[in-house]
Amino acid sequence: MLRAIFIGLSESQALRHFAERSPLGLKMSRRFVAGTTVEELLQTTERLNRLGIRVSVDNLGENVTRREEAQASANLYHQILEEIDRRKLDVNVSLKLTHMGLDIDERLACRLVTELAEHAARINNFIRVDMEGSAYTQRTLDFVRQLHGRPGLAGHIGTVLQAYLRRTLEDAQLLVSENIRIRLCKGAYQEPPEIAFQAKSEVDANYLRVAKFLLKSGVFHGLATHDQAIITHMQRWTQAEGIARSAFEFQMLHGVRRDLQERLPQKGWGMRVYVPFGTEWYPYLMRRLAERPANVWFIAKNLLRG
Ligand code: FDA
């Protein structure tokens, strides 16, 4: 129930407007968000890289309603790609299609993401298109497949699949047949039982099913989860199957299970942390609270201490 409440709150425009402008809200977000400026983001990235952890940066924002917002977001991503190249950081880029204007004009989103993928290809980098709620699943997959098929972009753009969706194994089969890199996560939105598994045990079972399919494909994929049982299971399974540690990576969110994030690369496992930054942190923070409502008390305690 708490999960549904937080996901409901994540969609409230009024609360979002209020929270993102309040100094207290900003303080609360700091556990999961690297900061509001590119410089803060790059400092966090450099620190993680020094620990042997790769990064994917996310300029926070989604469902923009004005063309200028989408363009400004794309411009910021170009600036980040330039800095990544200049500082030789081990980091790629994650973005949301609705942040690139998908809700306003599909052609605008297509132009902005194509330009970013071309920029990434020029510097041998990679754009990951995050997966949003199920209203966007098919459009996101079509979009990524179309871009991946363009000359020079293969291998420079990939996407995300969510294990809670019943369709995901089929989607994985299609994307893998085109050598598209996938990040597999459980899924962070509220979806109905007709299209999504509801019980954790079912989601976890599908996660393992799809993860094993992906890691046998020979394409480099990311397993995004903080679930210790799944991580241990996949470590044992890849060892038994003779799949090299360098053939895939684990991925986690900034601020979640930092102990594991540091331990995995020390033991030779690939590890990438998703580092969000920016002023539009409210829906992202609410989804993190939905995943683990105990984070509310954790954040409150830190605020009181602060
Ligand atoms: P699960 O929720 O079952 O939690 C397992 C354990 O992990 C918990 O018991 C707890 O110990 C820890 N944990 C999980 N979440 C926590 C939190 N917020 N705070 C503290 N501890 C926590 N989703 C999506 O729909 N589209 C996307 O594009 C992405 N992208 C993405 C990238 C990366 C790198 C990650 C790691 C995750 C995403 N997600 C996502 C979010 C994902 O779908 C999912 O909601 C979260 O990862 C939580 O699921 P877990 O797999 O961690 O397991």
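Starting from 1, each residue takes its place in the sequence as its number. All values below come from the heavy atoms of this structure, side chains included, with hydrogens, waters and symmetry mates left out. Both ligands and their constituent atoms are indexed starting at 1 by order of listing.
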Exercise for the section: Examine the side chains of Glu241 and Gln239 and answer whether a donor and an acceptor come within less than 3.5 Å of each other. Expected result: no
Practice task
Looking only at protein heavy atoms, identify the closest one to atom 11 (O) of ligand 1 and say how far it is in Å.
Solution key: Arg292 NE, 4.4 Å
Practice task
Can you figure out which of Gln251, Lys96, Arg3, Arg183 has its heavy atom closest to atom 32 (C) of ligand 1?
Solution key: Arg183
Practice task
Compute whether any side-chain donor of one residue and acceptor of the other, for Glu40 and Thr37, lie under 3.5 angstrom apart.
Solution key: yes
Exercise for the section: Please write down residue, atom name and distance for the protein heavy atom closest to atom 46 (C) of ligand 1. Expected result: Glu291 OE2, 3.3 Å
Practice task
Compute the shortest N/O to N/O distance between Lys186 and ligand 1 and return yes if it is under 3.5 Å, no if not.
Solution key: yes
Handout entry: Salt bridge present between Glu106 and Arg139 (N-O < 4.0 angstrom)
Key = yes
Practice task
Decide, yes or no, whether a salt bridge links Arg258 with Glu262 under the criterion of side-chain N to carboxylate O below 4.0 Å.
Solution key: no
Exercise for the section: Indicate yes or no: does Arg87 engage Glu39 in a salt bridge with an N to O separation below 4.0 Å. Expected result: yes
Problem - Protein non-hydrogen atom below 4.0 angstrom of atom 2 (O) of ligand 1 present - result: no
Handout entry: Contact atoms of ligand 1, heavy-atom distance to Val160 under 4.0 Å
Key = 27 (C), 28 (O)
Handout entry: Check: Tyr207 side chain, Leu184 main-chain N or O, donor-acceptor pair, under 3.5 Å
Key = yes
Handout entry: Region of Met252 that comes within reach of ligand 1 [heavy atoms, distance under 4.0 Å]
Key = backbone
Problem - Protein heavy atom at shortest distance from atom 52 (O) of ligand 1 - result: His226 ND1, 2.7 Å
Problem - Contact atoms of ligand 1, heavy-atom distance to Tyr189 under 4.0 Å - result: 25 (O)
Problem - atom 26 (N) of ligand 1 touched by protein (heavy atom, under 4.0 Å) - result: yes
Exercise for the section: Look up atom 36 (C) of ligand 1 and tell me if a protein heavy atom lies less than 4.0 Å from it? Expected result: yes
Handout entry: Protein contact of atom 17 (C) of ligand 1 - nearest heavy atom, named by residue and atom, plus distance
Key = Asn295 ND2, 3.4 Å
Handout entry: Candidate list Arg183, Lys96, Gln162, test side chain to side chain contact (heavy atoms under 4.5 Å, CB included), partner Met131, passing option
Key = Gln162
Handout entry: Atom CD of Glu170: over 12 foreign heavy atoms under 6.0 Å
Key = no
Problem - Under 3.5 Å side-chain donor-acceptor pair for Asp90 and Asn49 - result: no
Completion exercise
Taking only non-hydrogen atoms of Gly187 and a 4.0 Å limit, the atoms of ligand 1 in range are 25 (O), 42 (C), 43 (O), 45 (O)
Handout entry: For atom 33 (C) of ligand 1, the protein heavy atom that lies nearest, with its residue and separation
Key = Leu253 CD2, 3.5 Å
Handout entry: Contact partition for Tyr207 relative to ligand 1, non-hydrogen atoms under 4.0 Å
Key = neither
Problem - Sub-3.5 Å N/O-N/O distance, Arg288 and ligand 1 - result: yes
Problem - Side-chain ion pair, Arg128 and Asp130, N-O less than 4.0 Å - result: no
Handout entry: Polar contact flag for Lys200 and ligand 1 (N/O pairs, less than 3.5 Å)
Key = yes
Problem - Shortest heavy-atom approach to atom 42 (C) of ligand 1 - which of Cys185, Ala224, Ala290 - result: Cys185
Completion exercise
When distances are taken from atom 28 (O) of ligand 1, the protein heavy atom at minimum range is Met131 N, 3.0 Å
Practice task
Measure from atom 15 (N) of ligand 1 to the protein's non-hydrogen atoms and state whether any distance is below 4.0 Å.
Solution key: yes
Handout entry: pair Phe32-His254: side-chain heavy atoms closer than 4.5 Å
Key = no
Practice task
Could you verify whether a donor N or O on one side chain and an acceptor N or O on the other, from Thr98 and Glu62, lie under 3.5 Å apart?
Solution key: no
Problem - Donor-acceptor pair, side chain of Gln261 and main chain of Val256, under 3.5 angstrom - result: yes
Practice task
Pick one of side chain, backbone, both or neither for how Asp130 approaches ligand 1, counting any non-hydrogen atom pair under 4.0 Å.
Solution key: both
Practice task
Kindly indicate whether a cation-pi arrangement holds for Arg181 with Phe126, taking the cut-offs as under 6.0 Å to the six-membered ring centre and within 45° of the axis.
Solution key: yes
Exercise for the section: Indicate, as side chain, backbone, both or neither, the part of Thr225 found under 4.0 angstrom from ligand 1 when only non-hydrogen atoms are considered. Expected result: both
Exercise for the section: Could you see which bit of Gln162 sits under 4.0 Å from ligand 1, with heavy atoms only: side chain, backbone, both or neither? Expected result: side chain
